[in-house]
Amino acid sequence: MGQLKKKIRPGALELHPEEQAILVNYEVEEIWKEDDGTSEHRGKKKSVKKVAVKTVTRATNIPLMASEIVSKCKLINDSKVGIIEDLLYKLRQREVGGMQNKDESMDLDALRNRGAANFAMEANLRETVDINDLENYIEDLYDEDMAKKVKATSMIAQMFRQTDNFEPLLLHDSLLTTLSRVLRDDGKKSMDLSLNICSVFFSISNFSQFHTLIIENQIGALTMDMIELEIKRSEHRSKEEGLTPSELAQKAVNARSGTVELTNREKKLFGLIQKQDRLLYICFYMLLNLAEDVSIERKMKNKNIVVYLVKMLDRSNVELLILVVTFLKKLSIYKENKEKMGECEIAASLLKFVPNRHDVLLMAVLRLLHNLSFDSEIREMMVENGIIPKAVDLIQDPRFQPIVVGLLYHVSIEESHKSLFTFTDAIPIIFDMLMKVDDLRQAPELIALAVNLTQNQRNAELLCEGRRFDQFIRRAFDLGDELLFKVVRNISQHENIKIKRRFGPYLDQLVAVLKDPETIAELFVEVLGCLANLYVPEFDFLAIVERHDLLEFLSSYLKPESIDDDILLEIVMFVGVLCNEGTAPLLVNAGLVDSLVALMGDKKEDDEFVLQIAFTFHQFLSYPQTMEALLSTAQAIFYLVDLLQDKNKEVRRTADGCLDLVMDSDTDWAEKIRHLKFEAYNHEWLQAVDVSASVSDDKIHSEVLRLGSRGQEDSSDGDVEFETGGMDPEVFGTGMNRAMDIEELAASKLAEERELDGYDEYNDFDEEDLLKRYVMREGIS
């Protein structure tokens, strides 16, 4: 008795259009297996599983929720965590709403969840504040005593931390204008004062509807000026002290462990740097909120916001770094900002943080690198700074896997970068990942990376080491996935004969897939392309052709009007591979030789088709039966001669090789081809000779043909005379001059040709031959 087995193939993941749920599409394939090993396909059934999702709010930990969903649902592979996260963010955006796009919303929400206000305003006084004392605080802002101003702004900043106070505070007639005036006049004198006032406007900036209040008070421009001032101060201080902020921060960390000791000067300087970090954080965060408006963001760009942000990457405060990288990611979607980042050599600055023990910072950096990796120049900088080994080390971490795979895919686009993966563990890791994914359409970057890397021969060899090749190709057959066969096809295209030989046991299976009526066009092309790459003389193609009636099958596809060019091209290549001593008569009987000659005429403008058909002709000319069939129509030879003038060097070389084979085997054709080659190589010169004939063609032609005898010699004085035969002497003289010109040109051209390599076949011609040949040409042109 047999048994019914079910194979489940997960499909696309999507949100439920109405409910708070994720839909998991999957397909169930039923197969009845008999005891003797035979199997019967019973059909496929598509189904959908609904995964309910808890309420998603701004406070929800999306990554944690995504991991829980993947772990509980067996239909969702671990590699889909990133996709589930994206769906959850979309779900939250749908439920909560908002004016920002998904990526920006994700980034800003992550920042808010980290308690930005607490970090930025932790230096504020924690005294009890009463909104009824607001007028007293405003009055203190006009006092000359800086301490009072700092205290008053600190109290006002604490009021703004409670959203319940927004209405009375924002409705006050002079509060915001007074604060902006104090910041403009006294901000440079006290960092504490600047920090307090910026904290007020930062609290307001968290609400889009109040952005106009900030703009009206010109706080954006003041903030940019303040950032510029603090950067200059920091650079000047670093130059004086001989320590950068990050170096001093590292020294402070070492001091806590007892390995070094900070001087009083260094302690004071470190405290100043910490305060400056808080101020810069508040300033950049406020600008990030204001950058929701593209016109405001453009103004920031004009005031060098990108340069200031890149300089912040030399700081060591993690919260500030996360904010800065998030801001840079937002700006990087615009070409001019990306180019400015490249000028600032941002790749080297970012890769200092890969890897990193702070996961949030590491994820932010990887996302920014992914955005920047679309630019070829910045990609090159990343590679120079070691992005490949660093990213490969992170590829197995499920938290970073989707973004790292996408980043490596972009890097692998460049041909010069593919070989660098050989010196990492990338190939074994990617192999393991491919063997675990059931539906590669859900992991497009992964399969794209594998396709790119296997275009390099050494990477392909690594993928084939040990039992990997057999496991990989068997999985490709089991899944019937055209994406996996793209990788198989890449492996087959390399010149390494050892790799090609490993396809031997699978040739029958490949042909079976090719002939299966259920094979989709995309899979058909990949399998056919794989077979077309397997030019291995020791393979018994004759047996395969006879077992599968393959030539009739291929012949039925050689119809340009009904078959896609991709398939047609692969068939041409495969026919060339199949041609050998045993299959040559079968190819002729199947009509494939005549079909390819006709196809050459149809596709003569397509270089790729012309090159592959010419290669197949070369194969035909290597065996008597196919050569005879090909030479039975002169059109094939004329096509090949015409290709000698093709712009493509490979086309010219292949056509020349074909003609050499014909000349070596057929003396009649050899003479004709020499003449045709001469005309082809000297086409321009012959045209010039033809065009110059302009005097009495009919009369001159008849006289010039007689010039071979040169007339009769006079026996009395030895002078040479020419008979005019009653022809007008003036016309005869013109014809004589014309003939002499042709003779001189022919002799000159022959001398030139004899000096050139590759034209020895023309040495049989002498001057008189050329003269007669091209004077005759005059007469018939």
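Reckoned from all heavy atoms, side chains included, excluding hydrogens, waters and symmetry mates. Throughout, residue positions are numbered sequentially from 1 according to the sequence presented.
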Can you confirm whether [X] sits close enough to [Y] that some side-chain heavy atom of one is under 4.5 Å from a side-chain heavy atom of the other?
{"X": "Ile156", "Y": "Leu141", "answer": "yes"}
{"X": "Leu372", "Y": "Met382", "answer": "yes"}
{"X": "Ser373", "Y": "Ile378", "answer": "no"}
{"X": "Phe201", "Y": "Thr223", "answer": "no"}
{"X": "Asn337", "Y": "Lys301", "answer": "yes"}
{"X": "Asp314", "Y": "Thr244", "answer": "no"}
{"X": "Phe423", "Y": "Ile388", "answer": "no"}
{"X": "Leu287", "Y": "Met224", "answer": "yes"}

Would Tyr334 and Val294 count as a side-chain contact (heavy atoms from CB on, under 4.5 Å) here? Give the steps. CA-CA 11 Å; Tyr334 294 102; Val294 177; 3.9 Å; yes

One thing to verify: whether [Y] and [X] come together as a salt bridge, which I'm taking to mean a side-chain N less than 4.0 angstrom from a carboxylate O.
{"X": "Glu228", "Y": "Lys232", "answer": "yes"}
{"X": "Arg181", "Y": "Asp185", "answer": "yes"}
{"X": "Glu297", "Y": "Lys330", "answer": "yes"}
{"X": "Asp186", "Y": "Lys189", "answer": "yes"}
{"X": "Asp140", "Y": "Lys148", "answer": "no"}
{"X": "Lys340", "Y": "Glu343", "answer": "yes"}
{"X": "Lys335", "Y": "Asp375", "answer": "no"}

Taking atom CD as the centre, does Glu261 end up with more than 12 heavy-atom neighbours from other residues, nucleotides or ligands that are less than 6.0 angstrom away?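 Counting neighbours around CD of Glu261, 12 or fewer heavy atoms of other residues, nucleotides or ligands fall under 6.0 Å, so no.
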
Just wondering, more than 12 heavy atoms not from Glu345 lying within 6.0 Å of its CD?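 Count not over threshold, so no.
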
Inset, instruction - Not counting sequence neighbours, which residues clear ring-ring contact (aromatic ring centres under 6.0 Å, His included) with His370? List them please. - result: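 His370 satisfies ring-ring contact (aromatic ring centres under 6.0 Å, His included) with Phe374, His410 only.
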
(request) Check ring-ring contact (aromatic ring centres under 6.0 Å, His included) between Phe160 and all other residues, then give those that pass, not counting sequence neighbours. (result)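 If we apply the ring-ring contact (aromatic ring centres under 6.0 Å, His included) test to Phe160, skipping adjacent residues, the hits are Phe166.
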
Is there a side-chain contact (heavy atoms from CB on, under 4.5 Å) between Leu331 and Met300 once you walk through the steps?
-> CA-CA 10 Å; Leu331 295 172; Met300 294 179 192; over 6 Å; no

Note to self: Run the side chain to side chain donor-acceptor pair (under 3.5 Å) test on Ser295 and Asp293 for me, step by step, so that the C-alpha distance in whole Å, both residues' side-chain angles and the decisive distance to 0.1 Å come before the verdict.
What the structure shows: CA-CA 6 Å; Ser295 62; Asp293 186 333; 2.6 Å; yes

Are Ser154 and Lys151 close enough, and set up right, to give a side-chain contact (heavy atoms from CB on, under 4.5 Å), and what steps lead you there?
CA-CA 5 Å; Ser154 176; Lys151 176 73 176 292; 5.5 Å; no

Is it true that the side chains of Glu292 and Ser208 contain a donor and an acceptor less than 3.5 Å apart?
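Note: Glu292 and Ser208 side chains meet the donor-acceptor criterion.
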
Quiz item: Does the side chain of Gln276 pick up a donor-acceptor pair with the side chain of Arg315 at under 3.5 Å?
Solution: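 Yes, a side-chain donor-acceptor pair sits under 3.5 Å.
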
Margin query: Is there a side chain to side chain donor-acceptor pair (under 3.5 Å) between Glu241 and His236? Walk through the geometry before answering.
Written below: CA-CA 9 Å; Glu241 302 294 335; His236 178 71; over 6 Å; no

- Where do Arg367 and Val325 land on the side-chain contact (heavy atoms from CB on, under 4.5 Å) test, with the steps shown first? CA-CA 9 Å; Arg367 283 176 172 168; Val325 173; over 6 Å; no

Can you check side chain to side chain donor-acceptor pair (under 3.5 Å) on Gln401 and Asp397, steps first, answer last? CA-CA 6 Å; Gln401 191 176 89; Asp397 192 325; over 6 Å; no

